[in-house]
Amino acid sequence: MRRRPWRLGLKWKAAVMLALLLAAVIMVLSFLVLAGIRDDQRDRLEQTLAREAEAANLRIRQEAMTSGSLSPDDFMERSGQRLAVDLGAQSGLPVTLYKPDGTLAGTSLPFQPKAGVKDALAHTAQGQSAYITEGDRMLYLAPLYNADDRQVGTIQLHVSLAEQHAFYARIQRLFWVTGVLVLAAGFLLGFLYVWRQAHVIGRLNQAAQRIGEGQYLSEPIVRRADELGELAQGIYEMSGRISSSLTQLTEEKSKLLEAVVRLQELEQQQKQFIGNISHELKTPLTSILAYADLLDMYRDDPVLLDEAGKQIGKEAERLYGLVEKALKLSSMDVYEFETHAISVSLLPLLQEAAARLQAKAERYGIELVTTLKQGSVWADPDNLMHIVLNLLDNAIKYNKPGGKVLLSNEAIQDRGGQGWMNITFRDTGIGIPEEARAQIFDPFYTVSSDRSRAHGGTGLGLPLVKGLAEKQGGTVELAGSGPEGSVFVITLPLRQPERLEIISARNGPDLE
């Protein structure tokens with residue numbers, strides 16, 4: 001068994017991709033949020049210190065107004081230390097005041113601050129604020145003005161950033177912990193979700209492989225209201241179409257095999273037909289030739305001349321009938337004998353057929369009885385007349401002296417609601433042996449060669465009747481036979497069938 005090479009499956013690829021995406025999102029989000037927090041803290045602190053500087057300026061202006069017309073240096077020299085302590089108590093922050101020349105004027109701290117603020121004092125001398133950040137400490141410097149808007153010095157506020165830095169560190173740690181948890185949870189949920197989708201895709205792949213092996217689906221492999229569900233439904237429908245196509249191909253193959261077998265049977269029947277008709281044609285021709293020789297030998301015998309003429313005429317008539325039926329049967333089987341079916345009124349046609357054979361029935365001593373009803377059938381009138389005359393002729397020829405032939409018709413309906421007409425030929429003749437009933441519709445088959453010769457039978461009448469009946473979309477069958485006689489039944493449609501086809505006994509109408 002060949003081992004499949006290891007590969008990174010879809011669920012792992014999708015899960016890793018989702019994890020990387022979550023990590024990137026968390027990192028970007030953390031950076032933006034922390035930067036926002038840092039900027040917000042700085043802005044809030046700057047606004048607070050700016051307000052404290054404004055409050056200090058207000059106190060300086062008030063103090064300057066009460067101190068008279070002192071110079072800025074004298075004012076700061078005289079009041080700087082006291083003002084630094086008062087402003088520190090007012091703001092709650094350590095305060096240091098500087099003179100305009102940058103020298104220390106006073107401080108609220110217990111010690112003199114040591115910080116390099118020279119550059120910052122240069123900014124405040126120009127009327128601008130400045131701040132210096134050193135670790136967890138920030139120095140904010142702003143200019144101070146008297147009532148005449150003359151700069152009298154600089155205020156320095158000492159601010160501790162330790163609490164802000166601690167808050168920022170806590171938020172940063174929280175983001176790291178939250179990010180790791182979210183990443184783990186997202187990876188797990190993503191892996192489970194993708195695993196489920198990959199499992200469905202795997203089942204669809206297995207279904208496609210089974211279809212390729214000829215195992216077709218009886219229902220969709222999965223039922224979902226999404227694209228995978230649509231794909232599963234499409235695979236199921238494809239399986240049905242493939243199965244249907246394969247079934248059709250199998251049926252077509254079976255039909256082709258049946259056609260080949262049928263062609264082989266037809267070839268055999270053709271050979272048998274040629275042999276049989278050759279034999280049947282040889283018999284009357286032999287008789288005709290024999291009587292022709294007798295006529296040539298005994299030209300002066302009037303009795304022989306009369307007998308020979310009658311026999312030659314009889315054999316010629318039999319030969320003509322044989323050729324006519326053989327040609328008609330052959331053309332019907334080989335060249336799809338053409339029919340011109342119309343709606344035929346049955347009563348006058350049956351009455352005409354009975355009238356045409358009435359004289360022959362009387363000659364044979366047979367009583368021809370008709371029990372006919374009005375009705376129409378869908379058939380070719382000429383073919384239908386040939387069928388009726390043939391069956392009536394057989395019923396008369398193969399009857400017993402003093403017997404009867406009963407011709408009747410009756411309309412019926414089958415289980416599907418299709419209307420049919422039964423035409424029944426009942427005689428009181430010699431009957432047909434049970435072992436011969438299955439073959440009476442085969443070409444050239446005769447029950448008894450003696451009685452066929454006596455009545456001029458060729459074995460082609462019933463096959464021709466059967467073929468013509470089926471061409472009309474109907475059937476003909478031997479409904480019963482015994483010592484009391486035989487019953488033949490023709491079944492024809494009352495109206496034009498939707499499609500003309502040969503009707504077999506198993507799907508035709510039920511006959512009484």
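- The side-chain heavy atoms of Phe488 and Thr424, taken from C-beta on, include no pair separated by under 4.5 Å.
- No side-chain heavy atom of Leu389 sits less than 4.5 Å from a side-chain heavy atom of His386.
- With rounding to the nearest 0.5 angstrom, the CZ atom of Arg38 is 13.0 Å from the CD1 atom of Ile171.
- Minimum heavy-atom separation, Val489 to Ala479: CG2-CB, 3.7 Å.
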Inset, instruction - Go through Val377 and Leu349 one step at a time and tell me if the side-chain contact (heavy atoms from CB on, under 4.5 Å) criterion holds. - result: CA-CA 11 Å; Val377 294; Leu349 187 144; over 6 Å; no

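- Atom CZ of Arg210 is surrounded by more than 12 heavy atoms from other residues, nucleotides or ligands within 6.0 Å.
- If you take CZ on Phe425 and CD1 on Ile396, they are separated by 11.0 Å, rounding to the nearest 0.5 Å.
- Taken from OH in Tyr168 to CZ in Arg173, the straight-line distance is 12.5 Å, to the nearest 0.5 Å.
- For the pair Asn399 (side chain) and Ala395 (backbone), a donor-acceptor distance under 3.5 Å is present.
- With hydrogens and angles disregarded, no donor-acceptor distance shorter than 3.5 Å links the side chain of Asp427 to the backbone of Val405.
- Under the side chain to side chain contact (heavy atoms under 4.5 Å, CB included) rule, Phe167 has a single partner from His165, Glu163, Arg170, which is Arg170.
- Within 6.0 Å of the NZ atom in Lys360, the count of heavy atoms belonging to other residues, nucleotides or ligands exceeds 12.
- For Lys404, the NZ atom counts as loosely surrounded, since its 6.0 Å shell holds 12 or fewer non-hydrogen atoms of other residues, nucleotides or ligands.
- Side-chain atoms of Asn383 and Lys471, non-hydrogen and from C-beta on, never get closer than 4.5 Å to each other.
- Side-chain contact check for Gln351 versus Thr370: every heavy-atom pair is 4.5 Å or farther apart.
- Between the side chain of Thr371 and the backbone N or O of Ser408, no donor-acceptor pair lies under 3.5 Å.
- For the residue pair Leu368 and Ala354, the shortest heavy atom distance occurs at CD2-O, 3.4 Å.
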Inset, instruction - Might you work through the salt bridge (charged side-chain N to carboxylate O under 4.0 Å, His left out) test for Glu470 and Lys466, ending with a clear yes or no? - result: CA-CA 6 Å; Glu470 290 175 348; Lys466 182 176 184 293; 2.8 Å; yes

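- Side-chain atoms of Glu237 and Gln233 form a donor-acceptor pair, as typed in the model, at a separation below 3.5 Å.
- At least one donor-acceptor pair under 3.5 Å links the side chain of Ser245 to the backbone N or O of Arg241.
- The side-chain heavy atoms of Ile26 and Phe175, taken from C-beta on, include no pair separated by under 4.5 Å.
- Residues Ser481 and Ser486 have side chains that bring a donor and an acceptor to within less than 3.5 angstrom of each other.
- Judged by distance alone, the side chain of Asn409 and the main-chain N or O of Lys373 form a donor-acceptor pair under 3.5 Å.
- Remark: the backbone N or O of Ile235 is not paired with any side-chain donor or acceptor of Ser239 at under 3.5 angstrom.
- Put simply, the side chain of Ser244 never gets that close to the backbone of Gly240: no donor and acceptor are under 3.5 Å apart.
- Separation of atoms CG (Leu32) and CE (Met27) is listed at 11.5 Å; rounding is to 0.5 Å.
- The minimum heavy-atom distance between Leu357 and Asp393, with the atom names listed, is CD1-N, 3.7 Å.
- In this structure, the side chains of Leu384 and Leu492 come closer than 4.5 Å at one or more pairs of heavy atoms.
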Inset, instruction - For side-chain contact (heavy atoms from CB on, under 4.5 Å), just list the numbers for Leu45 and Leu161, CA-CA rounded to whole Å, side-chain angles, deciding distance to a tenth of an Å, and then say yes or no. - result: CA-CA 10 Å; Leu45 181 59; Leu161 301 177; 3.6 Å; yes

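- Looking only at side-chain heavy atoms (C-beta outward), Met385 and Pro381 stay at 4.5 Å or farther from each other.
- A distance of 7.0 Å separates CD of Gln209 from CD of Gln206, quoted to the nearest 0.5 Å.
- Contact detail for Ala341 and Trp378: the closest heavy-atom pair is CB-NE1, 3.3 Å.
- In terms of heavy-atom proximity, Lys400 sits nearest to Gly429 at CE-O, 3.5 Å.
- The shortest heavy-atom contact between Ala353 and Val388 is CB-CG1, 3.6 Å.
- Contact of the Leu350 side chain with the Leu346 side chain is registered, since non-hydrogen atoms from C-beta on lie closer than 4.5 Å.
- Annotation: the span from Leu392 atom CG to Ile387 atom CD1 amounts to 12.0 Å, rounded to 0.5 Å.
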